[in-house]
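Take a look at the structure below.
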Amino acid sequence: MFNVRVQPGSTPTLILSGRLDSATAPKLDQALDGVLAQAPIARLVFDLGALDYLSSAGIRCFIRARKTIEPRGGTVAVVNPQPAVRKVLDIVQAIPAAGIFASVAELDEYLDEMQRQVREKQ
């Protein structure tokens, strides 16, 4: 079984659980349609902490999100990937390694550091 929950906000987060495959990818596509239709998004986060399986159909969803957000200057990040899912992401490089974080806290630390660097350059 697959489930997607959208946590709205300035940084929308899609929390995925179960198996993301060709049978369930349309459900993620539908959730993405709603999120991507919002005002320009600076950052979109996929929380994969409860995602057990990822197929090429799921990878296509991640790539679709990147192709929509990145040309507008936004980024896509993945947090909490399970080891097997992380391995798939590493192999196909659907999300650049710099966009995959072990936890939300790690992502927040990274973002804090990036903002600190920008402030220091001003």
Could you pull out the closest heavy-atom pair between [X] and [Y], with the gap in Å?
X: Q93; Y: R66; value: O-NH1, 4.2 Å
X: A102; Y: N80; value: O-OD1, 2.9 Å
X: V6; Y: P8; value: O-CD, 3.3 Å
X: F2; Y: K27; value: O-NZ, 3.3 Å
X: I69; Y: I41; value: CG2-O, 3.6 Å
X: A31; Y: L14; value: CB-CD2, 4.1 Å

Nearest 0.5 Å please: distance from the CD atom of E113 over to the CZ atom of R116.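 Answer for the CD-CZ pair, E113 versus R116, is 3.5 Å.
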Distance from S22 atom OG to R60 atom CZ, nearest 0.5 Å?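 CZ of R60 is found 10.0 Å from OG of S22.
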I'd like to check [X] versus [Y] (side-chain heavy atoms, cut-off strictly below 4.5 Å). Are they in contact?
X: D90; Y: I100; value: yes
X: F62; Y: V92; value: no
X: P81; Y: L51; value: no
X: V85; Y: L20; value: no
X: P12; Y: V45; value: no

Mind checking whether [X] and [Y] sit in one hydrophobic cluster, side chains of I, L, V, M, F, W, Y counted as touching below 4.5 Å?
X: F101; Y: I15; result: no
X: V78; Y: V104; result: no
X: L28; Y: L36; result: yes
X: V4; Y: V76; result: yes
X: I91; Y: L54; result: yes

So, the side chain of Q82 versus the backbone of G49: is there a donor-acceptor pair under 3.5 Å, distance only?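 Yes, the answer is positive, given that a donor and an acceptor are paired below the 3.5 Å cut-off.
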Short side-chain to backbone donor-acceptor contact, T24 and R19, under 3.5 Å: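 Present.
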Audit row: R5, D47, salt bridge (Lys or Arg N to Asp or Glu O under 4.0 Å) steps and yes/no: CA-CA 10 Å; R5 183 169 55 93; D47 186 333; over 6 Å; no
Other residues, nucleotides and ligands only: do more than 12 of their heavy atoms fall within 6.0 Å of CD on Q30?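 No - once you tally the heavy atoms of other residues, nucleotides and ligands closer than 6.0 Å, there are 12 at most.
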Can you establish whether the number of heavy atoms outside E120 located under 6.0 Å from its atom CD is more than 12?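 Yes, CD of E120 has more than 12 neighbouring heavy atoms, counting only those of other groups under 6.0 Å.
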Taking L44 as the fixed residue, which of T68, T13, L32 is the one that meets the side chain to side chain contact (heavy atoms under 4.5 Å, CB included) rule?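 Exactly one option meets the side chain to side chain contact (heavy atoms under 4.5 Å, CB included) with L44, and it is L32.
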